[in-house]
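Heads up, the thing below is written out as structure tokens.
Fair warning: this is a prediction, and the values are worked out from it, not measured in the lab.
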Amino acid sequence: MIPDSEYYETDGAVLPSKTYKINFEENRFDGFIEGEEALQQAIYMALRTERYKYPIFSHNYGTDYSGILGEEYMVAMGRIKTAVTDSLTADDRIEKIDGFEFEKAGRKIKVKFTVTSVFGETEIETEVG
């Protein structure tokens with residue numbers, strides 16, 4: 001495992017991990033973050049950005065939840081797992097996504113899972129719907 005630092009290594013190349021810290025409550029940038037904190041922010045953004053909708057992003061960025069609402073619960077769980085996995089494994093820092101747990105919450109589905117990355121394991125929670 002690579003220590004929490006400004007850089008991480010992938011396929012022999014060393015890439016920077018430093019980025020702007022987004023303050024979502026005040027809708028502004030608050031300095032810089034790096035390492036695991038930068039990855040957590042990237043995960044948050046990828047899960048909340050609709051794939052294929054914004055021309056500024058490549059077709060590999062974001063999450064495609066289209067058509068999941070209205071599906072039977074068991075089918076929706078499988079499609080959410082696939083959408084999350086496809087979205088997050090596009091990031092070279094992420095090695096594995098597993099441990100999915102689902103919970104119905106009205107018309108939404110709460111999702112918990114574990115992301116294993118070059119920085120270690122992180123528990124993620126999100127909602128779809």
Quick one: closest heavy-atom pair of [X] and [Y], and the distance?
X	Y	value
T122	Q40	CG2-NE2, 3.3 Å
D64	I68	O-CD1, 4.4 Å
Y20	Q41	O-NE2, 2.9 Å

Student check: side-chain heavy atoms of I22 and F29 closer than 4.5 Å: yes
Flag side-chain contact, heavy atom, 4.5 Å: T85 against F113: no
Rounded to the nearest 0.5 Å, what separation is found between the [atom1] atom of [X] and the [atom2] atom of [Y]?
X	Y	atom1	atom2	value
R48	Y65	CZ	OH	7.5 Å
L39	I33	CG	CD1	9.5 Å
M45	I43	CE	CD1	13.0 Å

Selection residues 20-33 - residue pairs positive for salt bridge (charged side-chain N to carboxylate O under 4.0 Å, His left out), sequence neighbours left out: K21-E37, E26-R28, R28-D30
Under 3.5 Å: donor-acceptor pair, side chain of R79, backbone of G67: yes
Polar side-chain atom of T116 near backbone of E121 as donor-acceptor pair, under 3.5 Å: no
Parallel, tilted or perpendicular: ring planes of F102 versus F100, cut at 30 and 60 degrees: parallel
T114 and E123: side chain donor to acceptor below 3.5 Å: yes
